[in-house]
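One structure is given below, encoded as structure tokens.
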Amino acid sequence: MIRIRIILSFLFITIILGLFLLPRGVVDNGGNNLNAKELGNDRLSDSISLSIADAHEEMSDELKVKINSLKVRLEKAGQSNSQSIIDSLTAIFKSASQFDSAAIYYEKLVPIYNDEEHILNAADLYYEAYSYAMNRERASYLGGKARLYYSMILENDSTRLDLKNKIAMTFVSSSNPMRGITMLREILQADPENENAIFNMGLLSLQSGQYSRAVEYFKSLTELSPDNMQGQFYLGLCFYELGDELRAKTQFELVKSMANDPTILATVQSYLDEIN
């Protein structure tokens, strides 16, 4: 399971979203056909991707030496020998939480193998990088790349609602954010108990200031999955924003009993201190 990043996910949504009201009915201006070529259009230039891949100022000198050595080996290696080198580069970048660089180097394997495993791995790396992006320009680029590769898989298997959820969220930072809302609602029409879509709609409602609507989503989520710590936390945050301190306190105490991550515990305690 991917490590819960409560604070990071909230900060990310805060940065890339404006405070817009989500209408009950949404018009999808972009259509709903998940065409790979079209979904990958909202990207920046190759020069931008290279600048992302080479921004390693925060890495240790030891890791930089390893990376440079692997780059030299990659330049000399043929396609048949590139997998292990790229895997090593990807692992180093992931260990340093530089998922954008990991994605850009791993992507080189996609045209070599052109199979679902490599396409999905590239998509997941770009999506992980997107989830950490701290400005709209970078989020737009990384989200576009994730959409491109996820849509390649969906063209062969349209039942993958997990991938549709991720595509929908990448649209939030694109030039057509309402398309993402439309996709999430379509997922819920097909699967009313889809936890990912419920969570995402709750998060977007929370960020747009629609706290009562967000409560409805997070209540549904926590009823379906009581162990979902993110859902429990955000339900508490909704109550807090609505001024319902009693229910907010109950929720935050529940999250505190569930968590062992120091960052999460400190954040929850900060809300409890404000309430008390």
Side-chain angles (χ1 to χ4, degrees), residues 1-24 26 97 127-128 130-136 139 143 165-166 168-173 177-178 180-185 187-188 192-276:
M1 180 182 294
I2 296 176
R3 182 172 63 87
I4 293 176
R5 299 189 303 275
I6 287 178
I7 307 306
L8 284 175
S9 64
F10 186 73
L11 287 174
F12 172 67
I13 294 296
T14 301
I15 289 169
I16 65 174
L17 281 181
L19 296 179
F20 60 89
L21 294 177
L22 305 180
R24 291 288 180 181
V26 180
S97 297
Y127 189 81
E128 190 76 1
Y130 166 80
S131 73
Y132 277 104
M134 298 302 286
N135 66 67
R136 188 183 183 90
N165 262 293
K166 291 179 177 180
M169 291 306 288
T170 66
F171 270 119
V172 170
S173 61
M178 298 311 297
I181 306 299
T182 300
M183 288 185 67
L184 290 173
R185 288 189 170 153
I187 291 169
L188 289 175
E193 295 187 352
N194 189 286
E195 294 181 18
N196 288 331
I198 294 172
F199 175 81
N200 289 333
M201 286 296 289
L203 198 59
L204 295 175
S205 297
L206 172 61
Q207 180 53 34
S208 64
Q210 300 178 90
Y211 303 122
S212 295
R213 190 182 301 184
V215 165
E216 295 176 8
Y217 285 117
F218 289 122
K219 271 188 175 180
S220 297
L221 177 62
T222 54
E223 288 170 0
L224 288 169
S225 180
D227 293 333
N228 189 310
M229 193 188 307
Q230 285 183 300
Q232 299 287 8
F233 172 83
Y234 284 123
L235 181 56
L237 190 57
C238 290
F239 289 139
Y240 176 85
E241 294 292 348
L242 286 168
D244 191 337
E245 293 188 348
L246 181 60
R247 286 198 287 182
K249 182 177 180 179
T250 300
Q251 281 301 122
F252 288 139
E253 291 286 4
L254 174 60
V255 175
K256 190 175 177 180
S257 71
M258 298 169 66
N260 52 28
D261 184 286
T263 302
I264 297 172
L265 290 170
T267 301
V268 170
Q269 189 60 52
S270 70
Y271 281 106
L272 288 171
D273 290 343
E274 288 186 32
I275 292 172
N276 293 329

Q: Drop me the distance from L206's CG to S212's OG, to the nearest 0.5 angstrom.
A: 11.5 Å

(Q) Treating T222 as the side-chain partner and K219 as the backbone partner, does any N or O pair qualify as donor plus acceptor under 3.5 Å? (A) yes

**Q.** E223 CD to L235 CG distance, which is reported to the nearest 0.5 Å
**A.** 9.5 Å

Q: Under the side chain to side chain donor-acceptor pair (under 3.5 Å) rule, collect the residues that match up with Y240, sequence neighbours excluded.
A: E274

(Q) Could you check whether any side-chain heavy atom of Y271 comes within less than 4.5 Å of a side-chain heavy atom of L237, counting everything from C-beta outward? (A) yes

(Q) Y127: which residues meet the ring pair (Phe, Tyr, Trp, His ring centres under 6.0 Å) condition with it, sequence neighbours left out? (A) Y130

Q. With under 30° as parallel and over 60° as perpendicular, where do the rings of F218 and F199 fit, or are they tilted in between?
A. perpendicular

**Q.** Residue pair L204 / L184, side-chain heavy-atom distance below 4.5 Å
**A.** yes

Q.
I need the T170 OG1 to K166 NZ distance, nearest 0.5 Å.
A. 11.0 Å

**Q.** Approximate separation, where rounding is to 0.5 Å, of T267 OG1 and F233 CZ
**A.** 6.0 Å

Q | Interatomic spacing from CD in E245 to CD1 in I275 - rounded to 0.5 Å | A | 5.5 Å

Q: Check S131 against E128 and note the closest heavy-atom contact, atom names and distance.
A: OG-O, 2.7 Å

Extract all donor-acceptor atom pairs below 3.5 Å that involve side chains of residues 252-260 and protein atoms in other chains or at least two apart in sequence.
residue: K256; atom: NZ; partner: Q269; partner atom: OE1; Å: 2.5
residue: S257; atom: OG; partner: L254; partner atom: O; Å: 2.6

Q | Reported SG-to-CZ distance for the pair C238 and R213, which is rounded to 0.5 angstrom | A | 12.5 Å

Q: Determine whether I264 and M229 make a side-chain contact, defined as any pair of heavy atoms from C-beta on separated by less than 4.5 Å.
A: yes

Q) Is the backbone N or O of L221 less than 3.5 Å from a side-chain atom of S225, with the two atoms forming a donor-acceptor pair by type? A) no

